[in-house]
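The structure appears right after this line, and notes come after that.
Bear in mind that the values here come from a model prediction, so they are computed numbers and not experimental data. Within every chain, numbering begins at 1; the chains are lettered A, B, ... in the order of the sequence lines, protein sequences first and strands thereafter.
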Amino acid sequence: MRRKQKTMAKQQERQDSYQLGNGLMILGEPMPDVESASFYFLLPAGSAYLPDGCCGAGEVITDWMLRGAGSRNSRQLIETLDGLGIHHNTSVSAEHLSLSASLEADNVPAAMELCADILTAPMLTDDQFEPSKQLALHELAALDDDPQQKVRMLVSEQYYPSPYNRPTEGKPAELENLTTQRCRQIIRDQFDWSKCIFSIAGKYDFQTICDILEKRFSALAGTKVKTPLPGSRGQHYFHEPNDGAQVHIGLMTTVPTVRDVRYYDIMAAVSILSGSMSSRLFTEVREKRGLCYAVGARYKSLKDFAAISGYAGTTPEQAQETLDVMIDQFRQLRKGISDDEMHRAKIGLKSSLIMQCESSATRAAGIAADHAHLGRVRTMQEIRDAIEAVSVSSVLAFLNDNLFEDFTVATIGPKPIQH
Amino acid sequence: MTFKHKQLSNGLTLIGEMHPAAQTVAMGFFVRTGSRDETPEVSGVSHFLEHMMFKGTDDLNWQQVNEAFDGIGAKFNAFTGEENTVYYAAVLSEFLPDVARLWSKLMRPSLRDDDFNIEKNVIQQEIAMYKDMPQFEVLDQARALHFGSHPCGNSVLGTEASIAAMTADQMRRYFSRRYAPNNLVAAACGNFEFDQLCDQVESLCSHWKPEESGRQLSSFDGTQSRKALRKENLARHHICMISPCVSMQDPRRFAASLLSMIIGDDSGSRYYWSLVDCAIAETASMQAETMDGVGAMYSYLCCEPDNAEKVTSIVANIFDQIAKDGVSENEVQTAKNKILSAMAIKSEQPMGRIFGLGFNWIYAKQYRTLADDIASVRAVTAEDINRLIAEYKPGHFTCLEMGPKV
């Protein structure tokens, strides 16, 4: 068991950490002058970890777990959460299943007890299962009316290797086949408490936090879940016909993960490409050519796979040109970056960093993600120094090793385009 | 936390809320203009103009504008609604003078013809984008149906035809009337010195000339009409219901927010238990929108096309019940806790405070601290909400539905 309280030069950079005997990691970062706090439970039980044929089980399970836990039935549980003003959320990614909460600081201990009930003592009654499954099916069907969102799902499905490409929203036939027994089994087999991460940011008392987690989680064991091995990837181009007003274009191209030493060079490159309104994509696609309203790209990283993911929505007549200009802009980057562009990218990254630290929810999520991907939490000073060290030549060196030769593309719209 | 305000002789108002512990400042201009201030021939001009404001001034082109914001790491944007157009940015405190100078300059744009013509395409693209978002379109069409001839039913985006026909001259005329200093509020929130900011804004904006830029105000109870649109390419059935509500100037707006939360919050509300918990609808929400001299309660529901009738009949039951029995003390207390904690979370960042700060001034010439709002929420009783229900009758609504099986 290790206890740690590291205090940096400035008060706001204190980092708290404590590991339970079973391996559960507790991380905290206090924020000055706020009356609120946010916390995260992160479990390595995302869609990639599911057994075959259960795509979407994470969505069903997280909804089902909220339908009664501990001594409270569904209605009592929701009423207690709401009564404490807890803004709670569950989410499922390829790697993780998470439960998060934001609330007034005074109610943190009570909220943690409730979340511990949800995670470790959900009722999972038979009668509450079907509505959870039906809601997951409905939400999946509703994606057809939200093509902007759906095209991101489609391109991820083609880009990532299996099973990391499974849509977290599920697949209709596999959702239909889910049963109570199957989902209970998934919870038993996949919830590995030895790899759980708890993070908190805002106003809190670390000793109280540790005491609650020790009491509620220290007796829970790990499981034998292994990190899934990557399999094959999907198609280079995928089109879904839809009689809408626009063609929605999603694209992904490979870059190194957050663990790579060139991570901040990648972040600067993404920022130059699409960090703001003076960036290349916005300037070339929207401002100079008026091809679309929405265009952008961002960095996305799982532990072992990363990509720059782009989106644009445009009319069918302009779709081909939009895609061609976007891809060209990725490739043009290595031909030169001005000092002004580099300055803007660096100041933009630093400014985002400081603003993220003013929001407890963003910071708590960042702490948990750092630990999951890097095995440690970066300090603000470390990130600031790393951004400072980025230069035109370091970014160009990265771009010359990473030529953006291959793009996975998905479109939704009246007709396909050439790729 | 302290508050200061100042009005320049040309009518421009400056307001500031100082938080010495913050590391950032949010700063922007609130313009009291939106789609309700438009005539049919310039439908969509407020929103189109908002885009054009970023195209530059006589000594800055659009590229220099974007580079100037990005050069100080500003997180900036703008939005246009039925009655306000807001330009805002968050920056590290040291960059406030830069961002204040930039916004002050941009509030007097060139509105060049060639920029106007390129941006027209972008607006047409934006209109096309929203056509593919039924959750937005149903709301837009329901608003037009509910407000009928009242200007609050005007579309923010305008139509393909109104945008195509619009000229840069029409936009310039609209600009000079609506962006007069007496129709603008400059607001800042975070770590900064108010007097320094005032001196700077005054030196840049005091030569602007005031204009007559009022607004026709009238309350409106809605048409209570119903319309159903068949759209073959939709997968789900989308419903929007609108009923009248109190205005932003009415102190009962806090009771209205609590009522919308009791009926339609995404967790633990009446809609939640009757529709979402049992998987009859995947989305069922209600919001109170209090506006200038008028207000509306909006419900949005999304479900499987075969469940549409069931959903509307359950909603009708919820409204009947609430009209008959009112809300309970317990429901009110829960809704209060949810709102109060949302306020605490939102106020973590200057960017979370700036909109409340600006709108309180725009609508009521009033400064309200977070503590004032907390006290107003705490003071609402179940009886207050029940009186509101009796007067505004949320069950008497306008309804617009669209789906594949209508």
Side-chain angles (χ1 to χ4, degrees), chain A residues 31-36 74-75 78-79 81-87 102-104 130-131 134-135 138-139 141-142 144-148 242-246 248 275-279 282-283 286-287 290-294 313-315 340 343-344 347-348 350-352 354-355 358-361, chain B residues 19 21-24 54 62-63 66-67 69-76 90-92 118-123 125-126 128-129 131-135 232-236 238 265 267-268 272-273 276-279 281-283 302-304 333-334 337-338 340-342 344-345 348-351:
Chain A
M31 286 165 53
D33 306 300
V34 298
E35 293 304 319
S36 45
S74 178
R75 190 174 274 269
I78 297 291
E79 282 176 357
L81 285 164
D82 286 350
L84 290 167
I86 302 169
H87 294 255
S102 294
L103 66 159
E104 285 181 283
E130 200 52 33
Q134 287 306 319
L135 271 181
H138 291 336
E139 276 161 16
D144 284 337
D145 285 351
D146 191 356
Q148 219 178 89
N242 172 304
D243 191 19
Q246 284 200 307
H248 301 268
S276 54
M277 277 169 73
S278 68
S279 59
F282 198 84
T283 302
R286 174 166 153 173
E287 301 280 68
L291 287 171
C292 57
Y293 170 72
T314 184
T315 48
D340 280 350
H343 165 76
R344 291 196 298 271
I347 190 103
K350 278 191 276 188
S351 157
S352 302
I354 292 166
M355 285 173 201
E358 287 188 331
S359 157
S360 64
Chain B
H19 298 251
Q23 298 189 66
T24 61
F54 291 94
W62 60 266
Q63 222 151 355
N66 292 345
E67 287 170 5
F69 276 115
D70 291 343
I72 53 172
K75 305 297 159 201
F76 68 107
V91 288
L92 304 185
I118 287 233
E119 201 59 20
K120 209 177 236 199
N121 289 333
V122 175
I123 303 287
Q125 291 285 351
E126 193 176 351
M129 177 183 86
K131 273 196 182 153
D132 279 356
M133 295 167 69
Q135 61 279 41
E232 303 282 355
N233 68 334
L234 292 183
R236 312 301 285 175
H238 301 263
D265 189 37
S267 152
Y272 175 82
W273 290 115
V276 181
D277 177 67
C278 41
E282 62 268 20
T283 309
C302 177
C303 64
E304 201 178 330
Q333 194 51 51
T334 300
N337 291 343
K338 286 200 265 192
L340 293 173
S341 100
I345 296 160
E348 285 175 351
Q349 293 180 292
M351 194 67 129

**Message:** Using a 4.5 angstrom heavy-atom cutoff, name the option from A:S279, A:P147, A:G290 with the most pairs to chain B.
**Reply:** A:G290
**Prompt:** So which part of B:E232 gets closer than 4.5 Å to some heavy atom of chain A, the side chain, the backbone, both or neither?
**Reply:** neither
**Asked** Taking all atoms of both residues into account, what is the closest heavy-atom pair of B:D277 and A:P131, and its distance?
**Response** O-CB, 3.4 Å
**Message:** Regarding B:S267 and A:D82, do their side chains bring together a donor and an acceptor under 3.5 Å, going by distance alone?
**Reply:** yes
**Message:** So which residue, A:H87, A:Q134, A:E35, ends up with the most heavy-atom pairs under 4.5 Å with chain B?
**Reply:** A:H87
**Prompt:** Between A:I354 and B:L92, does a side chain to side chain contact (heavy atoms under 4.5 Å, CB included) hold up when you go through it step by step?
**Reply:** CA-CA 8 Å; A:I354 292 166; B:L92 304 185; 3.8 Å; yes
**Prompt:** Looking at CD of B:Q23 and CD of A:E358, how far apart are the two atoms once the value is rounded to the nearest 0.5 Å?
**Reply:** 5.5 Å
**Prompt:** Does B:A279 offer a backbone N or O that forms a donor-acceptor pair with the side chain of A:H138 under 3.5 Å?
**Reply:** yes
**Request:** Evaluate the side chain to side chain donor-acceptor pair (under 3.5 Å) criterion for residues B:K75 and A:S352: first the C-alpha distance (whole Å), next the side-chain angles of each, then the deciding distance (0.1 Å), finally the verdict.
**Result:** CA-CA 8 Å; B:K75 305 297 159 201; A:S352 302; 2.9 Å; yes
**Prompt:** Are any non-hydrogen side-chain atoms of A:M277 and B:F54 less than 4.5 angstrom apart?
**Reply:** yes
**Asked** Could you give the distance from CD (B:Q125) to OG1 (A:T315), rounded to the nearest 0.5 Å?
**Response** 4.0 Å
**Message:** Looking only at heavy atoms and a cut-off of under 4.5 Å, which of B:M351, B:K120, B:Q135 has the most pairs with chain A?
**Reply:** B:Q135
**Request:** Give, as side chain, backbone, both or neither, the part of A:L81 having an atom under 4.5 angstrom from any heavy atom of chain B.
**Result:** neither
**Request:** Select one option (side chain, backbone, both, neither) describing which atoms of B:V276 are under 4.5 Å from chain A's heavy atoms.
**Result:** both
**Complete:** Value for CD (A:E139) from SG (B:C302), rounded to nearest 0.5 Å, stands at 9.5 Å
**Request:** Heavy atoms only: give me the nearest B:A128-A:A245 pair and the separation to one decimal.
**Result:** O-CB, 3.6 Å
**Asked** Which is it for A:D145 and B:R236 under the salt bridge (charged side-chain N to carboxylate O under 4.0 Å, His left out) test, yes or no, and what are the steps along the way?
**Response** CA-CA 7 Å; A:D145 285 351; B:R236 312 301 285 175; over 6 Å; no
**Request:** Tell me, for B:E126 versus chain A, whether the close heavy atoms (under 4.5 Å) come from the side chain, the backbone, both or neither.
**Result:** both
**Prompt:** So, the side chain of B:N337 versus the backbone of A:G83: is there a donor-acceptor pair under 3.5 Å, distance only?
**Reply:** yes
**Message:** What part of B:H19 gets within 4.5 angstrom of chain A, counting heavy atoms only: side chain, backbone, both, or neither?
**Reply:** neither
**Prompt:** How many angstroms lie between CE in B:M129 and CD in A:Q148, if you round to the nearest 0.5 Å?
**Reply:** 5.5 Å
**Fill in**
Of the listed B:D132, B:N233, B:V122, the one with the largest count of heavy-atom pairs under 4.5 Å with chain A is B:D132
**Message:** Whether the side chain of B:E348 engages the backbone of A:S360 through a donor-acceptor N/O pair (distance < 3.5 Å, no angle test) should be reported.
**Reply:** yes
**Heavy-atom side-chain contact between B:N66 and A:E287 under 4.5 Å** = yes
**Message:** Restricting to side-chain hydrogen bond (donor to acceptor under 3.5 Å, both in side chains), what partner residues turn up for A:S276, sequence neighbours left out?
**Reply:** B:D70
**Request:** Could you tell me whether a side-chain N or O of A:H343 sits under 3.5 Å from a main-chain N or O of B:G71, the two making a donor and an acceptor?
**Result:** yes
**Expected output: side-chain A:D144 to main-chain B:A235 donor-acceptor under 3.5 Å** = no
**Request:** Could you tell me the separation between the CG atom of B:D265 and the CD1 atom of A:I78, rounded to the nearest 0.5 Å?
**Result:** 10.5 Å
**Request:** Can you tell which part of B:I123 gets under 4.5 Å to a heavy atom of chain A, answering side chain, backbone, both or neither?
**Result:** neither
**Prompt:** Checking B:Q63 side chain against A:S278 main chain: does a donor-acceptor pair fall under 3.5 Å?
**Reply:** no
**Asked** Checking side chain to side chain contact (heavy atoms under 4.5 Å, CB included) for the pair A:M355/B:T24: CA distance, chi angles, key distance, verdict?
**Response** CA-CA 7 Å; A:M355 285 173 201; B:T24 61; 3.9 Å; yes
**Request:** State which residues pass salt bridge (charged side-chain N to carboxylate O under 4.0 Å, His left out) with B:E67; sequence neighbours excluded, sorted by chain then number.
**Result:** A:R344
**Item:** Residue part contacting chain A, namely of B:A342, when any heavy atom lies under 4.5 Å
**Value:** both
**CG on B:N121 to CG on A:L291, rounded to 0.5 Å** = 8.5 Å
